[in-house]
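Worksheet for the structure shown next.
Residue numbers begin at 1 in each chain, while the letters A, B, ... track the order of the sequences.
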Number of protein chains: 2
Amino acid sequence: MFTAPDFAYTPLATRLKYYMDVGDGDVAALEGIAYEERHVVRGETIFARGQNIEWVVLIMSGWAARTRYTRDGARQIVNFLLPGDILTPDAFVIRQLEHEIEALSSVTLRILAMTDMQAVLERANGLASALWWAAAQEDSIVREHVVRLGRRNAQERIAHFLLEMHRRMLVVKQAAENSMILPLTQAEIADALGLSLVHVNRSLSFLQKEGHIDRRNTVIQLLDIPRLAEFCDFDTLYLSLERQQQAAV
Amino acid sequence: MFTAPDFAYTPLATRLKYYMDVGDGDVAALEGIAYEERHVVRGETIFARGQNIEWVVLIMSGWAARTRYTRDGARQIVNFLLPGDILTPDAFVIRQLEHEIEALSSVTLRILAMTDMQAVLERANGLASALWWAAAQEDSIVREHVVRLGRRNAQERIAHFLLEMHRRMLVVKQAAENSMILPLTQAEIADALGLSLVHVNRSLSFLQKEGHIDRRNTVIQLLDIPRLAEFCDFDTLYLSLERQQQAAV
DNA sequence: CGCACCTTTGAAAGCTTTCAATACGGGTGG
DNA sequence: CCACCCGTATTGAAAGCTTTCAAAGGTGCG
């Protein structure tokens with residue numbers, strides 16, 4: 001059912017190549033950086049709020065999330081971090097993280113020394129702008145999340161969210177054309193979409209009843225993506241920012 | 001009532017100096033860049049979605065906003081842009097804007113050529129990381145906005161929002177200790193906070209009745225900031241990210 | 001088999017929106 | 001100087017979406 005992952009590239013490289021012209025030299029430079037691998041279990045806090053960030057950290061597999069907590073313990077998931085995402089886009093300038101990063105499933109991380117990364121960035125010309133582009137894409141995704149929370153009802157939020165996750169997983173070859181593994185509980189979806197668990201459940205049932213989706217445990221099928229996109233006003237422009245022709249800096 | 005603005009520095013420099021150690025040389029380099037000034041009236045679209053960004057644009061005075069529209073024309077304000085904010089943090093890598101930037105009041109912009117900016121960044125050592133820090137601060141602000149929308153009720157959202165705006169204006173010396181000019185209609189506040197105009201009105205009345213705020217036209221007083229912060233669980237950590245000690249890149 | 005965690009369902013309560021109508025404030029034309 | 005106008009603010013009441021509270025059903029695992 002699922003296409004085999006493309007083992008030729010790391011998820012980050014796959015993503016960068018999907019959206020941009022990144023030279024093979026740049027990709028090789030990125031993938032050639034010495035790294036340490038770290039495995040994290042579901043529920044574990046990868047980075048705590050206030051923690052010092054001293055490396056560049058990439059997700060190789062699994063799902064994580066940037067989260068914040070309110071005084072009364074409610075959690076808000078600010079963004080999901082999928083294979084190929086960078087946990088630490090601002091590692092070079094920001095000392096302390098102002099949010100938490102939590103593992104939502106088993107996660108494999110690749111940890112690079114900042115000095116190594118810098119050295120490579122100086123050599124691999126297009127890489128710096130490609131990574132900067134990746135950071136800009138995350139910004140755009142978070143902005144779209146604001147719109148989702150501010151201007152859509154529960155059913156639309158969920159539909160829109162599912163389409164985003166599917167698209168992002170597809171890009172890193174971790175989803176099939178019409179289905180994917182969604183390693184989230186309904187409570188986690190609720191924490192992301194500013195809803196209650198109960199209402200997420202009911203809205204999911206609604207989408208199922210309407211023939212938009214089909215769930216079997218963690219496997220979710222999007223039965224008619226154009227129709228679902230129409231239903232929730234999903235437009236992928238925010239994911240596919242165009243990169244500047246001749247990248248500077 | 002309001003302290004005189006500090007004319008020695010531009011708002012951006014004031015902000016950078018407030019949050020970080022930025023050398024006077026760096027500041028002078030930034031302020032010395034050749035620029036063009038542009039005046040925009042309230043309601044005008046400064047940049048449209050899809051538009052090419054070919055300059056670095058700073059706000060010198062007035063309020064603007066990053067906005068997105070849904071299919072049915074509803075507007076979501078994603079973030080407010082105040083004096084000292086950078087409209088184009090990703091100008092070096094992203095070609096097209098995926099959102100709109102609109103003027104909410106009369107706005108004065110300073111427009112820099114990207115090539116000039118690049119040249120200065122190469123000379124002024126700390127400036128690049130200071131600007132990167134500023135971009136990271138905006139990311140953090142948007143993330144906090146997600147929390148506000150996802151996990152707070154109307155009254156808390158408004159209170160939290162007012163405190164953020166006041167704090168940001170204070171930093172660029174555009175607010176008094178307990179009051180500020182808020183050049184927004186209630187409809188605009190609604191579009192930012194994912195609420196209806198009517199409910200914004202009622203929630204504002206509530207805050208007034210409770211003695212939290214006092215409004216007179218566009219002037220708003222925050223009568224007891226610690227108490228208001230307690231009311232809505234406002235914590236400024238997200239605004240005052242610590243910069244890396246020795247900035248790299 | 002029992003526990004722990006997740007999903008589902010029902011019903012009432014609550015927050016927010018929508019619809020409608022009435023003030024208000026400042027600016028313009030007579 | 002005053003009537004009029006328009007955009008904004010305010011208020012009331014009903015409708016609607018979402019949450020909360022409670023309880024039952026499922027599923028995987030030790």
*asked:* Please confirm whether the shortest side-chain N or O distance from B:Arg215 to OP1 or OP2 of D:dT10 is below 4.0 Å.
replied: yes
*Closer to the 5' end of DNA chain D via nearest nucleotide, is it A:Val200 or B:Gln186?*
B:Gln186
*In Å, rounded to the nearest 0.5 Å, how long is the span from CG of B:Leu162 to CZ of B:Arg215?*
9.5 Å
*Under a 4.5 Å cut-off applied to non-hydrogen side-chain atoms, are A:Val107 and A:Ser105 in contact?*
yes
*Once you round it to whole Å, what is the distance between P of D:dT19 and CD of A:Gln155?*
12 Å
*Could you please name the option among C:dC19, C:dT16, D:dT20 that lies closest to any side-chain atom of A:Ser196?*
D:dT20
_Check A:Glu98 with A:Arg66, please: is the shortest side-chain N to carboxylate O separation under 4.0 Å?_
no
*Check the distance between D:dG7's C1' and B:Leu184's CG and give it to me in whole angstrom.*
15 Å
*Atom CG of A:Leu149 and atom P of C:dT16: how far apart are they, to the nearest Å?*
14 Å
_Quick one, B:Val147 and A:Val78 - any side-chain contact, counting heavy atoms below 4.5 Å?_
yes
*Considering only heavy atoms, which members of residues 157-165 of chain B lie under 4.0 Å from some atom of DNA chain D?*
none
_Whole-Å gap separating P (C:dG14) and NE2 (B:His199)_ = 15 Å
*Would you mind reading off the distance between A:Leu197 atom CG and D:dA22 atom C1', rounded to a whole angstrom?*
14 Å
*For B:Arg202 and C:dC15, what is the distance between atoms CZ and P respectively, to the nearest whole Å?*
13 Å
*Assess whether one donor atom and one acceptor atom, taken from the side chain of B:Arg42 and the base of D:dT8, lie less than 3.5 Å apart.*
no
*Describe the nucleic acid contact of B:Gly194 in one word from base, sugar-phosphate, nothing, applying a heavy-atom distance below 4.0 Å.*
sugar-phosphate
_Looking only at the side chain of A:Asn201 (C-beta and beyond, no hydrogens), which of the listed nucleotides C:dC19, C:dT8, C:dT16 gets closest?_
C:dT8
*Name the closest nucleotide to the A:Ser205 side chain, picking from C:dT18, C:dT9, D:dT19.*
C:dT9
*Under 4.0 angstrom, heavy atoms only, what part of the nucleic acid is B:Leu195 near: base, sugar-phosphate, or nothing?*
sugar-phosphate
*OH of A:Tyr35: more than 12 outside heavy atoms within 6.0 angstrom?*
no
*Taking everything shown except A:Glu36 itself, do over 12 heavy atoms lie less than 6.0 Å from its CD?*
no
_Shortest side-chain distance from B:Val198, nucleotide among D:dG12, D:dA9, C:dT9_ = D:dG12
*Is A:Arg152 near enough to D:dT18 that one of its side-chain N or O atoms lies under 4.0 angstrom from OP1 or OP2?*
no
*Crowding at CD, B:Glu54 (>12 non-hydrogen neighbours, <6.0 Å)*: yes
*Take the protein atom CD1 of B:Ile189 and the nucleotide atom P of D:dT8, then report the distance between them rounded to whole Å.*
13 Å
*Exceeds 12 heavy-atom contacts within 6.0 angstrom, atom CZ of B:Arg71*: yes
_In whole Å, I'd like the distance from the CZ atom of B:Arg216 to the P atom of C:dC24._
16 Å
*B:Asn217 side chain: which of C:dT16, C:dT9, C:dG26 is closest?*
C:dG26
